[in-house]
A.B. asks: 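The following block contains the structure, expressed as structure tokens.
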Number of protein chains: 2
Amino acid sequence: MRGVTRSAQGRGELTPMESRILRAAVRLFAEKGFDATTVQEIVDAAEVTKGALYHYFDAKDDLLFEIYHSLISSQMADLDRIIALRLSAADTVRAILVNLVETTASRVDEAAVFTREMHKLNADRMAAFRADRRRYHETFREVIDRAQTAGELGTVVPADTAVLIALGVVNQLPTWYRPDGPKSPQQLGTEIADFVLAALSA
Amino acid sequence: MRGVTRSAQGRGELTPMESRILRAAVRLFAEKGFDATTVQEIVDAAEVTKGALYHYFDAKDDLLFEIYHSLISSQMADLDRIIALRLSAADTVRAILVNLVETTASRVDEAAVFTREMHKLNADRMAAFRADRRRYHETFREVIDRAQTAGELGTVVPADTAVLIALGVVNQLPTWYRPDGPKSPQQLGTEIADFVLAALSA
DNA sequence: GGTACAATACCGACCAGTTGGTATGCAGCA
DNA sequence: TGCTGCATACCAACTGGTCGGTATTGTACC
């Protein structure tokens with residue numbers, strides 16, 4: 001069972017104990033970083049014992065991977081769902097961005113951990129992650145690309161750069177977004193989508 | 001001399017030994033992260049001894065701070081220089097972004113370490129950093145704000161959000177920028193500036 | 001110009017504390 | 001009686017940082 005989290009087998013079928021541990025881990029990782037967080041701190045925060053943790057997870061790294069995994073699967077599923085709606089290019093871009101901003105906002109800790117610690121994935125998992133990301137980027141880029149070719153969107157900025165910029169903004173969001181801030185996630189999503197679409201209309 | 005790096009006294013007056021150590025530290029921090037990098041690894045990479053390192057720096061943390069410090073001072077100085085040119089709003093925005101992209105690209109490792117590990121600053125240094133960042137944001141925001149009021153730029157996107165987006169993109173740059181990629185830093189800077197200005201023109 | 005003295009620059013073996021992970025035990029359910 | 005689900009005690013490896021000591025450079029005085 002090397003290289004695979006025991007719990008990762010059945011998707012979304014986390015036991016109560018697993019999600020309890022993961023919830024504590026995410027909070028601590030987001031607060032202090034992965035390396036600076038002790039396994040002992042995690043089990044204390046989750047009010048379980050080390051034995052319990054290592055009963056469900058093979059290694060500390062697996063906690064990280066579970067966090068990535070659940071976030072990415074959810075994002076990929078959302079993307080596919082949006083694409084399937086077959087909206088206009090502009091509406092698709094808007095839907096993708098609003099959705100991304102909203103899920104990122106509702107799962108800030110996970111998103112923050114993700115962007116800060118993703119380079120700690122081992123080779124295999126990193127490769128899997130890159131593949132997912134590539135697919136996400138490509139899908140997004142094609143939406144813009146086709147719209148540009150069809151004259152629906154402007155061509156001032158190349159599609160690939162636009163994707164990098166748009167997704168970069170979202171990835172950076174956990175750094176400055178505060179749930180108690182003046183703007184709701186929905187409003188932020190709208191503003192960011194407005195921004196990107198305004199740029200792409202030129 | 002608590003809380004202050006010995007070498008931070010005289011700005012930019014790093015001894016050869018200090019920059020040698022810092023150069024190795026930056027590379028390793030960028031590659032594996034701060035916590036995952038051992039002091040021993042740093043001194044090995046720099047081909048010095050632990051004694052030498054602790055002769056010039058009080059603690060491992062001070063290495064991080066020196067990296068931040070040199071990067072931030074340089075960025076703040078650049079900003080002031082650009083503002084002093086008293087260009088038009090659009091040209092100022094462009095100049096800031098192109099400059100930021102170029103310096104970030106030429107110092108990717110430092111920038112990457114910075115965005116990933118800044119939360120490890122202690123309270124004092126964090127406060128100082130926040131003050132600097134606030135000033136940077138405010139300055140940038142005012143440029144946009146005044147231009148919007150004067151009708152020189154559109155008002156579709158609020159100035160504060162625009163700043164967050166623009167700087168977010170730059171902060172995310174180290175994640176995907178590759179020196180051997182197809183686009184030069186200058187070209188990237190131009191494209192990003194085009195993007196932001198196109199959005200702001202709406 | 002040489003000698004005594006001192007400050008600076010650096011060395012590397014060592015330490016106390018911490019860390020991720022394990023081995024073993026035990027209760028309850030089938 | 002055995003198996004799952006956890007608890008407890010423990011360990012070997014590693015980490016940042018220290019400390020006594022040495023080499024090198026600078027300085028003041030004869």
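Order of the sequence lines sets the chain letters (A, B, ...), proteins ahead of strands, with each chain counted from 1. Since this is a predicted model, take the numbers as computed values, not measurements. Values below: all heavy atoms of this structure, side chains included; hydrogens, waters and symmetry mates excluded.
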A.B. asks: To the nearest Å, how far apart are B:Asp62 CG and D:dG16 C1'?
C.D. replies: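 Going from B:Asp62 (CG) to D:dG16 (C1'), I get 13 Å.
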
A.B. asks: Base, sugar-phosphate, or nothing for A:Thr37, non-hydrogen atoms under 4.0 angstrom?
C.D. replies: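 The residue A:Thr37 makes sugar-phosphate contact but no base contact.
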
A.B. asks: Nearest whole Å is fine: how far is D:dG16 P from B:Leu64 CG?
C.D. replies: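 Going from B:Leu64 (CG) to D:dG16 (P), I get 12 Å.
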
A.B. asks: Between B:Lys60 (side chain) and B:Phe34 (backbone), is there a donor-acceptor pair under 3.5 Å?
C.D. replies: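 Checked: pair present.
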
A.B. asks: When you get a sec, tell me which of D:dG16, C:dA9, D:dG5 is the closest nucleotide to the side chain of B:Lys60?
C.D. replies: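 Nearest nucleotide to the side chain: D:dG16.
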
A.B. asks: With rounding to the nearest 0.5 angstrom, report the CD to CG distance, A:Glu110 to A:Leu22.
C.D. replies: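 One gets 9.0 Å once the value is rounded to the nearest 0.5 Å.
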
A.B. asks: Would you kindly give the CD1-to-C1' distance between B:Ile21 and D:dG16, to the nearest whole Å?
C.D. replies: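 Roughly 15 Å, once rounded to whole Å.
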
A.B. asks: Could you tell me if B:Glu191 and A:Thr161 have a donor-acceptor pair between their side chains, going purely by distance under 3.5 Å?
C.D. replies: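 Present: a donor and an acceptor within the cut-off.
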
A.B. asks: Nearest-Å distance, NZ (B:Lys32) to C1' (D:dC14)?
C.D. replies: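 Nearest whole value for this atom pair: 12 Å.
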
A.B. asks: Could you check how far NE2 of B:His55 sits from C1' of D:dT18, rounded to whole Å?
C.D. replies: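 Checked: the NE2 to C1' distance equals 15 Å.
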
A.B. asks: Nearest to the B:Thr38 side chain among D:dG17, D:dT15, C:dT19, which nucleotide is it?
C.D. replies: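 Nearest to the side chain of B:Thr38 among the choices is D:dT15.
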
A.B. asks: Report the distance from atom CZ of A:Phe57 to atom C1' of C:dT22, rounded to the nearest whole Å.
C.D. replies: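 Going from CZ in A:Phe57 over to C1' in C:dT22 covers 18 Å.
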
A.B. asks: Taking the side chain of A:Thr49 as its heavy atoms from C-beta onward, which of D:dT8, D:dT18, C:dG21 lies nearest to it?
C.D. replies: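 Ranking D:dT8, D:dT18, C:dG21 by closest atom to the A:Thr49 side chain puts D:dT8 first.
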
A.B. asks: Could you check if a side-chain atom of B:Phe140 sits within less than 4.5 angstrom of a side-chain atom of B:Val93, using non-hydrogen atoms only?
C.D. replies: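 In short, these two side chains touch, coming nearer than 4.5 Å.
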
A.B. asks: Give the ring-plane orientation class for A:Phe114 versus A:Tyr68, where under 30° counts as parallel, over 60° as perpendicular and anything between as tilted.
C.D. replies: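 Judged by the thresholds at 30° and 60°, the geometry between A:Phe114 and A:Tyr68 is perpendicular.
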
A.B. asks: Is the base of D:dG17 touched by the side chain of B:Lys50 through a donor-acceptor pair closer than 3.5 angstrom?
C.D. replies: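 Counting by modelled atom types and ignoring angles, a donor-acceptor contact under 3.5 Å is found here.
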
A.B. asks: C:dG12 P sits how many Å from B:Tyr54 OH, rounded?
C.D. replies: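 Atom OH in B:Tyr54 sits about 17 Å away from atom P in C:dG12.
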
A.B. asks: Mapping A:Val39 and B:Gly51 to their closest nucleotides on DNA chain C, which lands nearer the 5' end?
C.D. replies: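 Looking at DNA chain C, the more 5' nearest nucleotide goes with B:Gly51.
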
A.B. asks: A:Phe34 has an atom CZ; how far is it from atom P of C:dT19, in whole Å?
C.D. replies: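 Spelled out: CZ on A:Phe34 to P on C:dT19 is 13 Å.
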
